[in-house]
Amino acid sequence: MSAKTLNDWAGWAAQIEIEGQCFIDGRYREALDGRSFDKHSPLDGRRLAAIARCGQADVDLAVACARRAFDAGHWSRMAPVQRKRTLLYFAELLERHAEELALLETLDMGKPIAHSLATDVPGAANAIRWSAEAIDKVYGEVAATADDQLGLVTREAVGVVGVIVPWNFPLLMASWKLGPALACGNSVILKPSERSPLTAIRIAQLASEAGIPDGVFNVLPGFGAEAGNALSLHMDVDAIAFTGSTNIAKRLMVAAGQSNLKRVWTEAGGKSPNLVFADAPDLRAAATSAAAAIAYNQGQVCTAGSRLLVQRSVKDEFLEHLRDALQAWTPANALDPASRYGALVDAQHLEQVKGYVASGVEEGARLFVGGLDGTRDSGCYLAPVVFDGVRNDMRIAREEIFGAVLSVIAFDDAEEAVAIANDTPYGLAAGLWTSNLSRAHQVARALRAGSVWVNQYSGGDMTAPFGGFKQSGNGRDRSLHAFDKYTELKATWIKL
Ligand code: NAD
């Protein structure tokens, strides 16, 4: 854990030199047409850096370099055990630069420095390391053939992979994809969000220092409609691994159909239910967890427990516990190591979240905690908001707000709870709290979601897949299942 104080972080933040160029074929460079855009910090509005605004020409160049590197085979055909060594060193370099990366992440998108240090950077290093360690233990298969045949089933790298990620966990979401994509031998072009490009740009150099060959790992900052769109339509990109909103996920699938039928793997949005039954083992603990489920990362979490379904008989008691628990989530300078609750990503998003708060009031939900006035003097801060008396057909219950705005909905029995929980276009995650073992299994089975947590909310690690049902996407990050996205299966038949 870092011993730095608020003054230390603020002092470093004032003088840190930030790289804003793109990274193609092993070196930093400006966008080919020289364009850039200014990146400001949501903490105080300060200008952090000019960022290369990559477009079609940069995508064409990066794809050509990535393809050349792939075909040359220095990485793609390297023995897995050697790729493992390089990636383990890359993970180690992320850890050696943990404080710098954490500071960049916090300045860029507003999360508390304590969380960048405890979760984002170590999580990213761990994701790279886990994939690296696995890659020389993944075997092919021998098919159950007739005696005169040998059927080999092997996995081959897909080729050039475009990785497009969001701004809520910039480094972590990228690493969940970079780990398996690189371990499998692909060349990668990472397109970070225009709202949070800094750590992606920085780690390009660390990857190079670790020994990843030129052209294998490229970073193209820029806007979704420009660099992202060009990647999605490119005829020589073999796969897109995407994390972001459901709307953009749909566009990427259309783009694949309009171009080369590239594989498109999507990890998209959510509106996850958290079901609290009257027989929850500990209502106070469940309320503390429900508070974290909506307030962590200022609510900008794909799996945020944004619909809290509480059994009517305990609802009032539960809401009092929730109100108490939310006091731990008060906006505070994200550079303060004691801060648990930082800023939203930018002023535009702050206004969007406030718009949802206004719409909840208009639709007749009852403000129970917070409101539009929970801001700080400067920066994009908004304290958590809880609405009681929400109906599942209200906008605040249907749309992903991506801020700490919680909808509380009462239910009477398990059947009704499951019906409400599943009445959403999304299916990313769900939580449930009960002491009844049978109910826990039955409800977990009935919930249409990629992750279900019982008597906890959130959790899990690299050992199990993470992804969504329904419009929360089709791909899975983490675990050996993630390797499916970055490999093609080949059947080779040998006549004996
Ligand atoms: P977004 O969809 O707006 O943007 C995601 C990325 O796509 C960005 O890099 C953006 O530049 C790019 N993009 C935008 N338009 C594009 C286009 N036309 N073509 C190609 N790329 C384009 O999402 P966001 O606002 O950055 O992130 C929030 C969303 O991410 C939420 O919906 C959240 O639930 C989701 N998310 C999902 C997971 C998951 O694992 N399922 C994890 C984190 C975030």
Side-chain angles (χ1 to χ4, degrees), residues 37 39 51 53-56 59 108-109 111 119-120 123 127 162-177 189-201 219-234 237 240-256 258-259 262 264-272 296-306 344-346 348-349 352-353 399-403 424-429 449-451 458 460 465-478 482 485:
F37 63 98
K39 176 69 187 89
I51 308 294
R53 183 170 171 174
C54 294
Q56 182 74 52
V59 169
D108 208 7
M109 57 68 65
K111 69 174 65 200
T119 304
D120 296 71
V163 168
I164 302 179
V165 290
W167 47 263
N168 60 335
F169 294 92
L171 185 57
L172 190 60
M173 293 302 100
S175 300
W176 283 3
K177 300 184 194 303
I189 297 167
L190 171 61
K191 210 300 276 169
S193 169
E194 52 274 39
R195 287 166 142 165
S196 63
L198 301 186
T199 47
I201 294 172
V219 178
L220 296 185
F223 290 88
E226 297 171 1
N229 189 51
L231 261 182
S232 73
L233 285 166
H234 204 287
V237 171
I240 295 278
F242 171 79
T243 299
S245 64
T246 295
N247 277 344
I248 301 300
K250 290 180 182 179
R251 281 200 201 194
L252 296 177
M253 299 188 97
V254 172
Q258 288 170 336
S259 55
K262 57 178 67 64
V264 177
W265 301 104
T266 60
E267 329 281 335
K271 191 74 191 177
S272 299
Y296 185 76
N297 213 31
Q298 301 70 250
Q300 305 162 128
V301 181
C302 53
T303 54
S306 53
L344 292 164
V345 69
D346 59 25
Q348 188 192 345
H349 190 54
Q352 197 169 319
V353 174
E399 295 178 20
E400 186 183 40
I401 298 173
F402 227 52
T424 166
Y426 298 109
L428 192 55
S451 293
S458 199
F466 178 85
F469 285 20
K470 302 197 282 185
Q471 293 188 40
S472 290
N474 62 358
R476 292 292 181 275
D477 282 329
R478 308 197 307 203
K485 300 196 292 191

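Side chains are part of it too, since the values below use all heavy atoms of this structure and drop only hydrogens, waters and symmetry mates. Counting convention: from 1, in listed order, for ligands and their atoms alike.
- How far OG1 of Thr199 is from CG of Asp108: 6.5 Å, rounded to the nearest 0.5 Å.
- Nearest to atom 15 (N) of ligand 1 among the protein's heavy atoms is Ile248 CD1, 3.4 Å.
- Evaluated for a side-chain contact (heavy atoms from CB on, under 4.5 Å) with Pro197, the options Leu190, Ile51, Val219 yield exactly one hit, Ile51.
- Proximity of Leu231 to ligand 1, defined as any heavy-atom pair under 4.0 Å, is not found for any part of the residue.
- Atom 36 (N) of ligand 1 has Cys302 CB, 3.5 Å as its closest protein atom, hydrogens excluded (heavy atom only).
- With rounding to the nearest 0.5 Å, the separation of CE in Met109 from CG in Asn168 is 6.5 Å.
- The part of Ala268 lying near ligand 1 is the backbone, judged by heavy-atom distances below 4.0 Å.
- Protein heavy atom nearest atom 12 (C) of ligand 1, with residue, atom name and distance: Ile164 CG2, 3.6 Å.
- Within the 3.5 Å criterion, the main-chain N or O of Gly468 finds a donor-acceptor partner in the side chain of Arg476.
- Close N/O approach between Glu194 and ligand 1 is found [any backbone or side-chain N/O within under 3.5 Å].
- Nearest heavy-atom pair across Thr246 and Gly269 is OG1-N, 3.3 Å.
- For ligand 1 and Thr243, the ligand atoms under 4.0 Å from any heavy atom of the residue are 5 (C), 36 (N), 37 (C), 38 (C), 39 (C), 40 (O), 42 (C), 43 (C), 44 (C).
- Contact of the Ile248 side chain with the Ile164 side chain is not registered, since no non-hydrogen atoms from C-beta on lie closer than 4.5 Å.
- Here Phe242 contributes atom CZ and Leu231 contributes atom CG; the two are 12.0 Å apart, rounded to the nearest 0.5 Å.
- At distances below 3.5 Å, not a single donor-acceptor pair connects side-chain atoms of Glu226 with backbone N or O atoms of Phe223.
- Side-chain atoms of Gln300 and His349, non-hydrogen and from C-beta on, do get closer than 4.5 Å to each other.
- Considering backbone and side-chain N/O atoms, Lys191 comes within less than 3.5 Å of an N/O atom of ligand 1.
- If you number the atoms of ligand 1 from 1 as listed, the ones under 4.0 Å from a heavy atom of Pro192 come out as 9 (O).
- Within the model, atoms SG of Cys54 and NZ of Lys191 stand 9.5 Å from one another, a figure rounded to the nearest 0.5 Å.
- Distance remark: protein heavy atom present below 4.0 angstrom from atom 19 (N) of ligand 1.
- Under the 4.5 Å side-chain criterion, counting only non-hydrogen atoms from C-beta, Phe466 is in contact with Ser451.
- Atom CD of Glu399 is separated from atom OG of Ser306 by 11.5 Å, given to the nearest 0.5 angstrom.
- For atom 28 (C) of ligand 1, the nearest non-hydrogen atom from the set Phe169, Phe402, Phe223 comes from Phe402.
- Scored by the side-chain contact (heavy atoms from CB on, under 4.5 Å) test, Asp120 finds Glu105, Lys111, Phe169 as partners (sequence neighbours excluded).
- Using a 4.0 Å cut-off to heavy atoms of Arg251, the atoms of ligand 1 that qualify are 18 (N).
- The protein heavy atom nearest to atom 27 (O) of ligand 1 is Pro166 CB, 3.1 Å.
- Using 4.0 Å as the threshold, Phe242 has a heavy atom nearer than that to some atom of ligand 1.
- Atoms of ligand 1 found under 4.0 Å from any heavy atom of Met173 (numbered from 1 in listed order, with element): 42 (C), 43 (C).
- Atom numbering of ligand 1 starts at 1 in the shown order; those under 4.0 Å from a heavy atom of Leu428 are 41 (N).
- Taking CD of Glu194 as the start and CH2 of Trp167 as the end, the distance is 11.0 Å to the nearest 0.5 Å.
- By the criterion of a heavy-atom distance under 4.0 Å, neither the backbone nor the side chain of Thr303 is placed next to ligand 1.
- Using modelled atom types, one side-chain atom of Thr266 and one backbone atom of Asn474 make a donor-acceptor pair closer than 3.5 Å.
- Residue contacts with ligand 1, taken as heavy atom pairs separated by less than 4.0 Å, involve Leu252 solely via side-chain atoms from C-beta onward.
- Residue contacts with ligand 1: Glu400 is placed with a nitrogen or oxygen under 3.5 Å of a nitrogen or oxygen of the ligand (distance criterion only).
- Under the side-chain contact (heavy atoms from CB on, under 4.5 Å) rule, Thr424 has a single partner from Glu400, Lys271, Gln471, which is Lys271.
- Note on ligand 1: Phe466 sits in its first shell, one or more heavy atoms being nearer than 4.0 Å.
- Looking at Ser451, Gly269, Gly244, it is Gly244 that brings a heavy atom closest to atom 35 (C) of ligand 1.
- Looking at atom 21 (N) of ligand 1, its nearest protein heavy atom turns out to be Gly228 CA, 3.6 Å.
- The nearest heavy-atom contact from the protein to atom 13 (N) of ligand 1 is Gly224 CA, 3.4 Å.
- Looking from atom 24 (P) of ligand 1 to the surrounding protein, the closest heavy atom is Trp167 NE1, 3.4 Å.
- Atom 8 (C) of ligand 1 has its closest protein heavy atom at Val165 O, 3.3 Å.
- Residue-to-ligand polar distances place Ser245 within reach of ligand 1: an N/O pair is separated by less than 3.5 Å.
- For ligand 1, the atoms sitting less than 4.0 Å from at least one non-hydrogen atom of Asn168 are 43 (C), 44 (C), numbered in the order shown with element in parentheses.
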